[in-house]
Structure formats: structure tokens, C-alpha cells
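Computed over heavy atoms, backbone and side chain alike; hydrogens, waters and symmetry mates excluded. Naming: A, B, ... by sequence-line order, numbering from 1 per chain.
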Amino acid sequence: MTRKKRFLIGAALLVGSVAYLVYAGVRESSVYYLTIEEFLVKKESLTGEGVRVAGRVRAGSIDKKTTTAGTDLRFVLGDFQKEGGVPVQYTGILPDMFGEGRDVIVEGKYTRDGVLRAQTVMTSCPSKYEAEAGKPPAERSAG
Amino acid sequence: MMEIGALALALGLVLAVYAVLMSLVGGLQRRRDLIASAEHAAFAVWGVTVIAVAALLHALVIHDFNLEYVASYSSSTLPWNYTITALWGGQKGSLLFWLLILSSISSIVLLQNRDRNRDMMPYVTAVLMTICVFFLMLLNFITPPFERLAFTPHEGRDLNPLLQNYWMQIHPPSLYTGYVSCAVPFAFAIAALVTGKLGDNWIRTTRRWTLFAWFFLSLGNLFGAEWAYLVLGWGGYWAWDPVENAAFMPWLTCTAFLHSVMIQEKKDMLKVWNMVLVMLTFLLTIFGTFLTRSGVISSVHSFTQSGLGPFFIGFLAFMGVISVALLIWRLPLLKSENELDSLVSRESAFLFNNLVLVGIAFAVFWGTVFPVISEWVRGVKITVGPPFFNKVNAPLGLMLLFLTGVGPLIAWRRAGWKSIQRNLLPPMAFGLACGLGLVISGMRSYWALVSFSIVAFVLTGIVMEYYRGVRARQAVMGENAAVALLHLIAKNRRRYGGYIIHIGIVMMFAAITGTSVFKQEQQVTLSQGQTLSIGGYTLRYDGIEQESTPHIAYLRAKVAVMDGPKLLEVLKPEKRFYKKPEQPTTEVAIRSTLGADLYLVLGSFDDDTKLVTLLAYINPLVSFLWYGGIVIAFGTGIVILPGGAREPAYAAAQLAKQAVTE
């Protein structure tokens, strides 16, 4: 059955390349997803790594400066009850729902100086909206 | 009134369970009376669902805030059209809305088929009603929409402002209709397996439904993209969010099915594969609902909140096990008579197109559930973001695009060198020439060059097909070109409508290439009178404008868009502050031309310094995404509409001959 064989080889090549693409994609673009509690425990070992941390904006910690050079934002990402947290620095446009006490997800790199430099700050939904069609930009929804 | 709604849902559950049992018993014992009784019960399920929906709508319209759902998703200041669409603005309502579509479609399917496909229908009824039972259980026990509050708040919490948008009014109904219609081919597939009537009758019976499902899935995805583009204000339309992926995966497998079905019809092959695709598509629609509704993947908080997750997983497992068991049981009957004649043939182009589509679906699925899997396996949650999806899907997408061009041009069975030379080489040469032209004109992006070359190749191929068809008609029937073109499409609507859909898809590929490769982005903070330059435009910030209504307060930046010194228009990107749930939203301003969109976002306004932060994007070719959608809708309309006379056999044979020698 050479014809069948030839076809099977073609199909196997295709399946193989899909598998390879997925494998390489995961290896190159995966990011640790942690809650702030988990992050605080392991933060030393995460220096320089890409991380995505879910926590809450500590009340009173927002420091925002707008100049013609842009907006520089600093705040403390804390956990849901306790004291402590990690300072976050971010330059850019904030999502509409950002504010004190809001649940946010910060994606960025944890640097040597102990600051989480955010590339993106996403707000997660306030509790009265369910995780569904009405989600804020953070969790862009199509559905 | 509320009691009526709750009662209707309880009654609906009883009726649906009854319909499942009676149609199964009636089908197995060949009892016409039981089958008829089950059918009546299925109609009754539709009736009580309509009553429940009417009850909820009534409560929304009269602002009955004692009802938890009404209090959570509407308010007295909400405009009436959004009061209606609040029906699917929240979890409970949208599950009810889902049931409404499902029971309506079930009734239509029954009316269409109960006389025509008598032996399969009991099982079709049983499957459709089983799905109804599942949703009715959720609505009765897990997320009852008619729950009352202990007190009556004098105002509701309002619909989420992000949903107060035109596209959000039409996006969920389209997507749900698409999702739910996938249940029809699935039900017929199961019925075919149970009855052992595994010819292509079930496929012909459900062909229109499959197209219908595909059409609404396509629209649903597109409307969702448009909504994201206009409302979310980040300059793009697709972010590989789990909820988007949820709607994309069944579209992929459904597309694969629509193609591979042709091989079953033509060559009696791929029966097992088609069954698998139908099942996969249906299960993915349920999985998609699960992703959207339970928030397991995207949010860390919501899993415990809704309690829906385990139910969906259970239902998925139940349907999956039944499907696979039936499939294995009937495997001996699903053997193909024929085999592939050649690797270079339309069949194998279709097969590879199927593999690529399923491959993309797999990659999307993997990326979506990866956090959950990695947590199971390694104990840490690892996410893969948009870069993963882009990296994996860009090459696969281009391969798919290429096959879109090859499929229609290559001969069935075995394409000889001569036919390849005649059909495939000219458009390929043209595609390469276009690529070369782009290199000469300075384009350096590898991806874009490959993509645009293939786009040119596919389009040339389609034009060539049309041209040949018209010429053949002119020669044989003596028609003039316009009449010949109309007749060509009218007499072969499936084929030429399909080509039109391909044109739409190609336009979308061009748009995706344009926006992802050539997008420009600038973020600047300006004081009044200052300017920024992007994409040949000069933008001057001319101050802030404010306005307030009882429902919303508006803040608008006035931005003069200039081409050099010439004023083109004034764009006013705005922030809205909704008053009821105190929440700001972003309304972007867009200057749209065929070549590119200028997309402007008001990032923030600082009251003390009077500085405004603007985000400006240039999105090349993005309008082709929406125009492509219109073309797809048009093409699908041509394929799906009933009627259309076939050519008399003699003329058809003449035409075929002519087309070959032309």
C-alpha cells in the first residue's frame, strides 16, 4: 500500500509539526501564574522570570504622576487579608476598573531591586459581575 | 408572574425527561404512539420555555427589583433596548435564553423531519431533549432565574456598562444560535449510529443545519471581535482570551466537517472521521459554554462562585462516553469502500485541510487549558499568552490558506501533471509575482510577504474558476457574460457560493496580516495645543469637553486629525462614567479608511495638570475583516438558500466537457 503509506507519512509530518509548534510555543511563551501569597513565598527564586500575579491593590498605596513624559504609576500589590505585598511599577494606560482595593492581575518581571515591573495591569471583575460576558478588558470576552 | 416562570421551568424538566424516556422506549419497541407522545412533550418543552422567558422579560420591563436577576442586571434608568438584552446579560438569563434557542430548534427539527426520517427521529428527539434536560436541571437547581430577594431594593445594580453596546446585543444571540444548532447534526449522527443507517442520509438531512450553525458561529465570532475592537479600547479585536477561544474551537471543527463531508458524499469515505468531527464540534460547544460560564480558566476567583463547573464536566463526560461507545460499537459498519487514489488530489487537499483545522483547534485547546493541566501535573499554574497562540497558529493558518487555494483547483482522484500545469501553476505564478512586487516596493516582513502572496494565489485561482465557468456557459448555451455568471452561480450554488466564502476568508487573512504585522502604536501625554504624528496624520489635542445625563457622565478629548496643515476631521475619543455601577468605560474614536484605521483612545485626563494621555493606533487593512464577514455572509446565503434548479443532464455534461477543454 504505497499510496496509503505516502499519505500516512504526509499526515504524520503534519501532526508532528503541529506537536512541535505547540511544544516550542509553550516553552517560549509560558509564564508562571501565581497568587500574591504564592509569589511572596517564592519571590527570590523568581527574580528575572516572567510572572503573572493575582492580588489586590493595597488601599492608599497608589502613587501616580502624570507628566508630558507619560504616566508613572506605583502601587503595592497585596494579598486579600494580611499586610505586606510587593511594590509594582507600571508605565502606561490603566484599565478603566483600576483602583484601590481592586483585584488585579499584574504581568511582568520581578527585578533585582525588589520591584515588580509590570508590562500589563489587568483588572479582574468586581464580585458583582460574574466571570462571563461582562468582563473588563483584562479578561477580554467574546462570549 | 414569577411563580409562573419557576413553575414553567419545573414543568419543562418533567416534560423533557418524559420526552427522552418515551422516545427511547418508543424507538426501541417501534411504538408509534409513544414516539408521538414524546414529540408532543418536546413541543410542550418549547411552550413552557417561552412562558418562562416571557415571565423574565416581563419582570425586567416592569422593573421588578424584588427578583434577584432583575435587580442584578438592570435599573430603572437603563434604556429599554438594553433592558431587553439584559435577558442574556447575566448567567441565569443567558442559560434560559440558551434553552429557548435549543427548544425552538428542536421543535423546528421535529416538524421538518418527523415524517421524512421516521426511524431516526426518536433518537434525534432523545438527544435534543437530553440536552434540554441538562439545561433545565441547571435552571431548576443550580442557577434559578426566578429567585426572589428577601427585600425589594428600590433600584437595580444595572447592566454592566461594557454590555451596553450594540454589538453586545447581537453577538450573544448569534453565537448561541451557532452553538445550539451544532446539536442538530450531532443528534442525527447519534441517531444514525443507533439505527445503523450510516449512509450519507443523515448528512444530507443535516447539511443545511450544519451550514446554519457555521454561519452563526462565524457571525458570532466576528461580532464579538467588533465589540472588542470598539469597546475594550486596546486597539485590537482578538486577544486569545479563553472565552474567545471557546467560540473559535467549534468553528474550526465545524469548518473541517463541512469540507470532509463532501468527500463522504462523493466517495463514501471518511465516515468515522466525519462522525468524530460532528461529535467533537458539539462537545466543544458545550465545553465553550462551560468556559464562558464557569470562568474556570480565566479567573482565579470564580470557580467556587458558580458551582456550574462540575455539572458541565459531568455532562461533557456523559455525552462523550456515549458518543465514543456508539462509535466503537458501529465501527465495523463505518468501513470505507474506497481509498485515496493519490496524494495529489482534491481529496487529499481536503484531508490535509481537515488535519490543519483540527491541528489549530488542538493548539488552541491546549493553550487554553494549559494552566489547569500544568497545575495538575506539576503543581504550578503556568499560562501561555497571546504569543503562544500567534506563534503556533501563524504557520498553520498560512498552510490552511494555501490549501484553500489548492483545493478547488486540483482534480478529484488523481491530478495529472497536465492538469496541475493548467490549473495550479498560473495562479501560483501570479501569487509569486505579487510577492516579488511587494519585495521590490520595499516590504520586508517575511510573514506578510508569504501571506499576501498566498492571498493573491487563492484569489487568482477563484477568479480563474469563475472565468472558465462563464466561458464554458457562453460557448455551450450562448449566453452573454453577465447572464452566464448569474446562471453559473445559480446552477452550482454550493460550489460557487463556497468560492465566495473563500474570498471572504481570504479578505480576513489579509486584514489579520495587515493588523498584526504593520500595526503602529503611540502613547503620548499632551497639553492643549500639542501634537503627535502617526501614520502620516498629525493629531492636535484641542481640549476637553464634558457632558452629563442621569445615566452617564461623558468626558471627551477633542483631537484634530490633520494631514499636514489640512484639517480632516475632529475625533472625540471619550470616557464614560456610568452612574449606577460607578464604572468608567472607554469609547474609542475611529477614522476608518479602506487602507487603515486611525484608532484613538482617551487613556486618561489629569484634572490638576490638564494633561491628557492619548493612545493612537494605525490598524492597516482592518476594515477587510468586516467586509470579509459580509462577503462570507453573502456566500453562505447563496449556498444555504433552498431551491435552485439543476442543469439538465445533457447540458451539464456539455458544460463539464467544455470546462475541461477550455
Select one option (side chain, backbone, both, neither) describing which atoms of [X] are under 4.5 Å from chain A's heavy atoms.
{"X": "B:R576", "answer": "neither"}
{"X": "B:E375", "answer": "neither"}
{"X": "B:A363", "answer": "both"}
{"X": "B:P395", "answer": "side chain"}

**Item:** Nearest-0.5 Å distance that lies between atom OG in B:S604 and atom CZ in A:F98
**Value:**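 Answer rounded to 0.5 Å: 12.5 Å.
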**Message:** As an exercise, state the distance from CZ of A:F7 to CG of B:L351, rounded to the nearest 0.5 Å.
**Reply:**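 Going from CZ on A:F7 over to CG on B:L351, the span is 4.0 Å.
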What side-chain donor-acceptor pairs closer than 3.5 Å can you find for residues 22-31 of chain A, not counting sequence neighbours?
| from | atom 1 | to | atom 2 | distance (Å) |
| --- | --- | --- | --- | --- |
| A:E28 | OE1 | B:K391 | NZ | 3.0 |
| A:S29 | OG | A:G25 | O | 2.8 |
| A:S29 | OG | B:F388 | N | 3.4 |
| A:S30 | OG | A:V26 | O | 3.1 |

**Fill in**
Among residues 8-16 of chain A, those lying within the under-4.5 Å heavy-atom range of chain B are A:G10, A:A11, A:L14
**Message:** Heavy atom to heavy atom, less than 4.5 Å: which residues from residues 108-119 of chain A reach chain B?
**Reply:** none
**B:V380 side chain reached by A:K42 side chain, heavy atoms, under 4.5 Å** =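 Yes, their side chains come closer than 4.5 Å.
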**Request:** Give the minimum heavy-atom separation between A:V18 and B:L396, together with the two atoms involved.
**Result:**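 That closest heavy-atom pairing would be CG2-CD2, 3.8 Å.
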When the side chains of residues 606-617 of chain B are checked against the rest of the protein, which donor-acceptor pairs come out under 3.5 Å, sequence neighbours left out?
| from | atom 1 | to | atom 2 | distance (Å) |
| --- | --- | --- | --- | --- |
| B:D606 | OD1 | B:D608 | N | 3.0 |
| B:D606 | OD1 | B:T609 | N | 3.4 |
| B:D606 | OD2 | A:T66 | OG1 | 3.4 |
| B:T609 | OG1 | B:L611 | N | 3.4 |
| B:K610 | NZ | B:D607 | O | 3.1 |
| B:T613 | OG1 | B:T525 | OG1 | 3.2 |
| B:Y617 | OH | B:W234 | O | 3.1 |

**Message:** Taking CH2 in B:W366 as the centre, count heavy atoms belonging to other residues, nucleotides or ligands within less than 6.0 Å. Is the count above 12?
**Reply:** no
**Request:** Let me know if A:K65 has heavy atoms under 4.5 Å from chain B in its side chain, its backbone, both or neither.
**Result:** neither
